[in-house]
Structures are given as structure tokens and as C-alpha cells.
K.L.:
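Before I ask anything, here is the structure I am working with.
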Amino acid sequence: MDEVQKINLIISEHRIKLHRFNPSKREIWCVVGNKNEYWFDQSLDFCSCKGYYFTRFNKNDLCYHLKSAKAAKIKDVDIIEFSDDEYDDFLLSIINGLFDQ
């Protein structure tokens, strides 16, 4: 499967997730892969996937997760609402998950 097909699949399967915390409106974004979730920040052009480092620093390009997020429209994104009280525990679970990959 080429990169364009991967991007289209991620978008069509709604695998881009926005975790929004209320009332602060803080946001944490992720892309659900085949085996892992990858956390990203579009404003920093950062993704937690292993391919990010190779494509960003060796090819001066973005990984296909970031390209998917940039190509997606808001209707393609699953928005999941949380309370601000859940923010710290959510961040802890992300950090712990990064070490499990």
C-alpha cells in the first residue's frame, strides 16, 4: 500500500482522534494505527511514531500520520469529550503507553 492509500484509509476509517477537555478546551490529537496510537501536534509537525524521525530528519518530510491529519476535514475526525479533571490521568496513560511501544 502506498502512502496516498494509507492516508486515504486513515481518513476514511476515522482513525484521527481529537481528545478535547472541557471547560478548558485543551486538545490532544492521535492517529490510531494498526497496532498503536500515535500522538501528534500539527502546529509543531511532530508525531510520536518511529517513522517520524526518519522522514523528518532524513528526508525533510512528514510522516503519513501528520499528512493524514493535515488532509482530514473536521467531519473526518472523531471528537471525544473529557472533563478537565481527567486531563492528568490521560497524559499519564499516554506517557506510559509510549514506553510500551
Side-chain angles (χ1 to χ4, degrees):
M1 181 179 307
D2 70 12
E3 183 177 71
V4 172
Q5 290 172 317
K6 289 179 184 179
I7 291 169
N8 289 332
L9 186 64
I10 286 171
I11 293 171
S12 69
E13 292 182 350
H14 296 268
R15 291 167 40 189
I16 300 169
K17 311 292 181 189
L18 166 58
H19 304 86
R20 183 178 293 142
F21 295 84
N22 295 308
S24 69
K25 301 294 184 202
R26 289 183 280 194
E27 297 179 345
I28 298 176
W29 290 83
C30 79
V31 173
V32 178
N34 292 330
K35 297 178 184 176
N36 297 307
E37 288 181 324
Y38 301 107
W39 305 95
F40 66 90
D41 185 327
Q42 289 186 61
S43 66
L44 298 174
D45 284 339
F46 172 80
C47 182
S48 66
C49 74
K50 293 177 183 177
Y52 165 81
Y53 299 98
F54 177 76
T55 56
R56 188 74 179 137
F57 298 112
N58 289 338
K59 295 182 178 180
N60 198 26
D61 198 6
L62 300 177
C63 67
Y64 70 90
H65 304 112
L66 282 170
K67 289 179 182 179
S68 299
K70 289 181 183 293
K73 300 193 179 358
I74 197 66
K75 67 177 178 62
D76 302 318
V77 174
D78 276 348
I79 300 173
I80 306 154
E81 303 281 340
F82 292 93
S83 163
D84 281 335
D85 295 337
E86 299 172 274
Y87 187 75
D88 291 343
D89 288 336
F90 193 88
L91 284 180
L92 265 173
S93 70
I94 291 171
I95 293 167
N96 288 332
L98 291 174
F99 292 109
D100 293 338
Q101 294 182 19

K.L.:
Calculate, to the nearest 0.5 Å, the distance between atoms OG and CD belonging to S24 and E27 respectively.
P.N.:
9.5 Å
K.L.:
May I ask you to decide if I28's main-chain N or O and H19's side chain share a donor-acceptor pair within less than 3.5 Å?
P.N.:
yes
K.L.:
Does any non-hydrogen side-chain atom of V31 lie less than 4.5 Å from one of I10?
P.N.:
yes
K.L.:
Do I16 and S68 come within less than 4.5 Å of each other through their side chains, counting heavy atoms only?
P.N.:
yes
K.L.:
Any side-chain heavy atom of R15 within less than 4.5 Å of one from L9?
P.N.:
yes
K.L.:
Under the rule for salt bridge (charged side-chain N to carboxylate O under 4.0 Å, His left out), what residues qualify as partners of K6, not counting sequence neighbours?
P.N.:
none
K.L.:
Among W39, F57, W29, Y52, which residue satisfies the ring pair (Phe, Tyr, Trp, His ring centres under 6.0 Å) criterion with F46?
P.N.:
Y52
K.L.:
Donor-acceptor pair, distance only, cut-off 3.5 Å: does the side chain of K75 make one with the backbone of A72?
P.N.:
no
K.L.:
So Y38 and H65, would you call those rings parallel, tilted or perpendicular, with 30° and 60° as cut-offs?
P.N.:
tilted
K.L.:
Test of understanding: clusters of I, L, V, M, F, W, Y form through side-chain heavy atoms closer than 4.5 Å, transitively. Do F40 and L44 belong to the same one?
P.N.:
yes
K.L.:
Do Q42 and K70 have side chains that approach each other closer than 4.5 Å (heavy atoms only, starting at C-beta)?
P.N.:
yes
K.L.:
Between N22 and D84, is a side-chain contact (heavy atoms from CB on, under 4.5 Å) present by the stated rule, with each step listed?
P.N.:
CA-CA 5 Å; N22 295 308; D84 281 335; 5.5 Å; no
K.L.:
Between R20 and I79, is a side-chain contact (heavy atoms from CB on, under 4.5 Å) present by the stated rule, with each step listed?
P.N.:
CA-CA 7 Å; R20 183 178 293 142; I79 300 173; 3.9 Å; yes
K.L.:
Taking D89 for the side chain and E86 for the main chain, is one N or O donor matched with an acceptor at less than 3.5 Å?
P.N.:
no
K.L.:
Where do L62 and K67 come nearest, in terms of heavy atoms and distance?
P.N.:
O-CE, 3.3 Å
K.L.:
What about L18 and I7, same hydrophobic cluster or not, with Ile/Leu/Val/Met/Phe/Trp/Tyr joined at side-chain heavy-atom distances under 4.5 Å?
P.N.:
yes
K.L.:
Got a second to check how far D88's CG is from S93's OG, nearest 0.5 Å?
P.N.:
11.0 Å
K.L.:
Is there a side-chain contact between Q5 and N8 (heavy atoms, below 4.5 Å)?
P.N.:
no
K.L.:
Distance check, rounded to the nearest 0.5 Å: I94 atom CD1 versus C30 atom SG?
P.N.:
8.0 Å
K.L.:
For F82 together with F90, are the ring centres under 6.0 Å from each other?
P.N.:
yes
K.L.:
Please examine the side chains of H14 and V77, heavy atoms only from C-beta on, and report whether any two atoms are closer than 4.5 Å.
P.N.:
no
K.L.:
Membership question, hydrophobic clusters at under 4.5 Å side-chain separation (ILVMFWY): are I74 and L66 in the same one?
P.N.:
yes
K.L.:
Judged by modelled atom types alone, do T55 and D61 share a side-chain donor-acceptor pair under 3.5 Å?
P.N.:
no
K.L.:
CG of N60: more than 12 outside heavy atoms within 6.0 angstrom?
P.N.:
no
